[in-house]
Amino acid sequence: QVELVESGGGSVQAGGSLRLSCTVSGYIDSYRCMGWFRQDPGKERERVATIKKSGDSTYGDSVKGRFTISRDNAKNTLYLQMNSLKPEDTAMYYCAADEITCVGTLDYWGQGTKVTVSS
């Protein structure tokens, strides 16, 4: 079965950096779309960033210029480099993948990794 496992979360101070990783079962090349999403209790789930097999990427307005999504085919790993972190970035971050499309809800999800940014 498809398995996505996130790592790299933790607690950092505002202005710091963190890199999240998501290991993917099988070949990452099998997924046309991969992405990072985040959610805090009582808040809407937010699409942080997505990246297509082609390399095209999209970012939520709140993270543009600070976060970078990438995928490494050789390591079957998805990354999210987070710089200039702000307290409002605090959330559970989820890795997701889809064999077909970035539109709508992606098919496969990891269990999440917690990111806490202190002021």
Side-chain angles (χ1 to χ4, degrees):
Q1 62 180 12
V2 176
E3 184 176 12
L4 293 79
V5 181
E6 302 95 334
S7 63
S11 298
V12 298
Q13 293 188 339
S17 297
L18 208 59
R19 187 176 75 162
L20 306 184
S21 299
C22 172
T23 58
V24 182
S25 62
Y27 297 104
I28 193 171
D29 190 56
S30 298
Y31 306 102
R32 291 184 182 177
C33 180
M34 298 197 70
W36 290 96
F37 299 76
R38 67 187 184 186
Q39 187 170 27
D40 248 359
K43 298 181 180 179
E44 291 277 325
R45 185 182 67 192
E46 180 182 7
R47 180 175 287 221
V48 176
T50 62
I51 184 167
K52 296 180 179 179
K53 184 177 178 179
S54 65
D56 290 343
S57 59
T58 64
Y59 295 91
D61 289 340
S62 63
V63 306
K64 288 180 179 178
R66 299 188 298 120
F67 291 10
T68 303
I69 188 171
S70 62
R71 52 196 290 172
D72 189 325
N73 290 342
K75 297 181 179 180
N76 287 327
T77 302
L78 177 74
Y79 299 100
L80 183 68
Q81 178 66 48
M82 305 184 292
N83 298 326
S84 301
L85 284 163
K86 304 175 180 179
E88 52 262 45
D89 293 320
T90 295
M92 185 72 73
Y93 283 71
Y94 298 92
C95 172
D98 197 290
E99 295 171 340
I100 306 298
T101 181
C102 284
V103 177
T105 303
L106 277 61
D107 286 341
Y108 310 112
W109 293 79
Q111 294 300 306
T113 185
K114 178 67 176 180
V115 172
T116 301
V117 184
S118 60
S119 60

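Counting from 1, the numbers follow the sequence of the chain as shown.
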Can you see which heavy atom on Ala14 is nearest to which on Pro87, and at what distance? CB-CD, 4.1 Å

Short question: side chain of Glu6, backbone of Cys95 - any donor-acceptor pair under 3.5 Å? yes

Would you call Asp98 and Lys52 a salt bridge, using N to O less than 4.0 angstrom? no

Minimum heavy-atom distance between Arg47 and Gly104, given as atom pair plus value: NH2-O, 2.7 Å

Mark yes when over 12 heavy atoms from residues, nucleotides or ligands other than Gln111 sit less than 6.0 Å from its CD; otherwise mark no. no

Leu78 side chain reached by Ile51 side chain, heavy atoms, under 4.5 Å: yes

Leu80 CG to Arg38 CZ distance, which is reported to the nearest 0.5 Å: 9.0 Å

To the nearest 0.5 angstrom, please state how far the CG atom of Asn73 sits from the OH atom of Tyr27. 11.5 Å

Would you say Met92 and Met34 are hydrophobically clustered, going by side-chain heavy atoms of ILVMFWY under 4.5 Å? no

Shortest non-hydrogen pair, Ile69 vs Gly35, comes out as CD1-CA, 4.1 Å

Ignoring hydrogens and geometry beyond distance, is a side-chain donor-acceptor pair present between Ser62 and Glu88 at under 3.5 Å? no

Give, for atom CG of Asp107 and atom OG1 of Thr101, the distance between the pair rounded to the nearest 0.5 Å. 9.5 Å

Closest non-hydrogen atom pair between Tyr93 and Ala91, with its separation: CD1-O, 3.4 Å

Check whether any side-chain heavy atom of Arg19 lies under 4.5 Å from a side-chain heavy atom of Ser70, and answer yes or no. no

Do the side chains of Val24 and Val5 join up, straight or via other hydrophobic residues, at under 4.5 Å, putting them in one cluster? no

Mind checking the CD-CD spacing from Gln39 to Glu46? Nearest 0.5 Å is all I need. 10.5 Å

Output yes when a side-chain donor or acceptor of Asn76 lies under 3.5 Å from a complementary backbone atom of Ile28, and no otherwise. yes

Assess whether salt bridge (charged side-chain N to carboxylate O under 4.0 Å, His left out) is satisfied between Asp29 and Lys53, documenting all intermediate values. CA-CA 7 Å; Asp29 190 56; Lys53 184 177 178 179; 3.5 Å; yes

Do side-chain atoms of Thr90 reach the backbone of Val117 as a donor and acceptor pair under 3.5 angstrom? yes

Please answer: with hydrophobic residues joined when any side-chain heavy atoms are less than 4.5 Å apart, are Phe37 and Tyr108 in the same cluster? no

When you measure from the side chain of Trp109 to the backbone N and O of Leu4, does any donor-acceptor pair fall under 3.5 Å? no

Rounded to the nearest 0.5 Å, what separates atom CG in Asp40 from atom NZ in Lys114? 4.5 Å

Report the C-alpha distance between Phe67 and Leu85 in whole Å, list the side-chain angles of each, state the deciding distance to 0.1 Å, and finish with yes or no for side chain to side chain contact (heavy atoms under 4.5 Å, CB included). CA-CA 9 Å; Phe67 291 10; Leu85 284 163; 3.8 Å; yes

Treating Tyr31 as the side-chain partner and Ala96 as the backbone partner, does any N or O pair qualify as donor plus acceptor under 3.5 Å? no

So which of Lys75, Met82, Gln81 actually passes side-chain contact (heavy atoms from CB on, under 4.5 Å) with Tyr79? Lys75

Spell out, as yes or no, whether a donor-acceptor pair under 3.5 Å connects the side chain of Gln13 to the backbone of Ser118. no

Assess the residue pair Asp89 and Lys86 against the criterion (salt bridge (charged side-chain N to carboxylate O under 4.0 Å, His left out)); give the C-alpha distance rounded to whole Å, side-chain angles, the decisive distance to 0.1 Å, and a yes or no. CA-CA 5 Å; Asp89 293 320; Lys86 304 175 180 179; over 6 Å; no

Say you draw a straight line from CG of Leu106 to OH of Tyr94; how long is it, rounded to the nearest 0.5 Å? 15.0 Å

Minimal heavy-atom distance between Leu20 and Trp36, with the atoms involved, is CB-CH2, 3.6 Å

